[in-house]
Colleague: 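The structure follows.
As the structure lists them, so they are numbered: ligands from 1, and atoms in each ligand from 1. These figures come from a predicted structure and were not determined experimentally. All values below were derived from every heavy atom in this structure, side-chain atoms included, with hydrogens, water molecules and symmetry-related copies excluded.
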Amino acid sequence: MRRDEEKLREYYADAPDDISLDAVDLDRVPSHVSIIMDGNGRWATARGLDRSRGHVAGVDALREAVTTSVRLGLDVLSVYAFSTENWRRPRREVELLMHLFATTLVNELPLFHQENVRLRFLGDIDALPARTRKVFQQGLAETADHTGMTFALAVNYGARAEIARAARTLAERVASGQMAPADVTEDALAGCLYTAGLPDPDLLIRTSGELRLSNYLLWQLAYTEFYVTDTLWPDFSRWDFLRAVAAFQHRSRRFGGVASS
Ligand code: FPP
């Protein structure tokens, strides 16, 4: 993805002691970074606040992650915002999150226009409350002709359900004679996932120190490098993002083969 070097240098000007833009090779930034944003509740509880305040603070961190990704020149940023299991949270928290998703999208559309960001959703958004669904569909339509970074928001997403849905689609095609069983390949299945057409993530970041995948992108993360930080999501900054990219660049990715010399 094309990147504005001047804006990038300015964005990363006030470096803390331990990290700066010099720590990363700008010719080798990952194409797709995915984030499990975790720790909003703990961030709020630690401050004696209601959990909802953690989600509100999480919006600021997400805005910074989107801007950082654009500045670094990523092709895709994807984030896990709401899983199929998150419906089990207290009703008030679910309602707050659905409201926050819709309101944030409306508020952030100017940023998406300004930065030429195309929006995409991973998950079953048809099952969301009417206002959230409507705002999401508007966001899709309004950013459809943007040619810059793709921002993929996983909402009402579960990886097992996604894979089962893809398998069902292929089974229906075979049953109707549109394709032969032998055509059920990895590529065919990947083409039926919510992420169809996107590159697999190169780097997965999980905040708040949890070492779990939580039913996220099980198919797509097969060869992804993981980076886990204890930082809680609302505190995750452009510098934490840079630390993750620098760590990623020190890994040796072999995709099951041997390291090239
Ligand atoms: C995990 O923290 C976070 C979520 C379930 C929601 C993610 C939502 C945001 C970051 C708000 C902004 C997002 C959008 C798309 C506008 P948690 O509640 O599981 O934290 P805990 O593990 O400390 O309880």
Colleague: Tell me every residue that passes salt bridge (Lys or Arg N to Asp or Glu O under 4.0 Å) with Arg89, counting only those two or more places apart in sequence or in another chain.
Modeller: Glu93
Colleague: Please give the N or O to N or O pairs under 3.5 Å between ligand 1 and the protein, distances rounded to 0.1 Å.
Modeller:
residue: ligand 1; atom: 2 (O); partner: Gly39; partner atom: N; Å: 3.4
residue: ligand 1; atom: 2 (O); partner: Asn40; partner atom: N; Å: 3.3
residue: ligand 1; atom: 18 (O); partner: Arg51; partner atom: NH2; Å: 2.9
residue: ligand 1; atom: 18 (O); partner: Arg89; partner atom: NH1; Å: 2.8
residue: ligand 1; atom: 19 (O); partner: Asp38; partner atom: OD1; Å: 3.3
residue: ligand 1; atom: 19 (O); partner: Arg89; partner atom: NH2; Å: 2.8
residue: ligand 1; atom: 20 (O); partner: Gly39; partner atom: N; Å: 3.4
residue: ligand 1; atom: 20 (O); partner: Asn40; partner atom: N; Å: 3.2
residue: ligand 1; atom: 20 (O); partner: Gly41; partner atom: N; Å: 3.0
residue: ligand 1; atom: 22 (O); partner: Asp38; partner atom: OD1; Å: 3.0
residue: ligand 1; atom: 22 (O); partner: Arg42; partner atom: NH2; Å: 2.9
residue: ligand 1; atom: 23 (O); partner: Gly41; partner atom: N; Å: 3.3
residue: ligand 1; atom: 23 (O); partner: Arg42; partner atom: N; Å: 2.7
residue: ligand 1; atom: 23 (O); partner: Arg42; partner atom: NE; Å: 2.8
residue: ligand 1; atom: 24 (O); partner: Arg51; partner atom: NH1; Å: 2.9
residue: ligand 1; atom: 24 (O); partner: Arg51; partner atom: NH2; Å: 3.3

Colleague: Under the side chain to side chain donor-acceptor pair (under 3.5 Å) rule, collect the residues that match up with Tyr216, sequence neighbours excluded.
Modeller: Ser34
Colleague: With Arg131, which residues qualify under salt bridge (Lys or Arg N to Asp or Glu O under 4.0 Å), at least two apart?
Modeller: none
Colleague: If you look at every heavy atom in Ala61 and Trp233, which pair is closest and at what distance?
Modeller: CB-O, 3.3 Å
Colleague: Identify which one of Asp75, Val76, Leu77 satisfies the side chain to side chain contact (heavy atoms under 4.5 Å, CB included) criterion when paired with Met149.
Modeller: Leu77
Colleague: Determine whether the aromatic ring centres of Phe151 and Phe112 lie less than 6.0 Å apart.
Modeller: yes
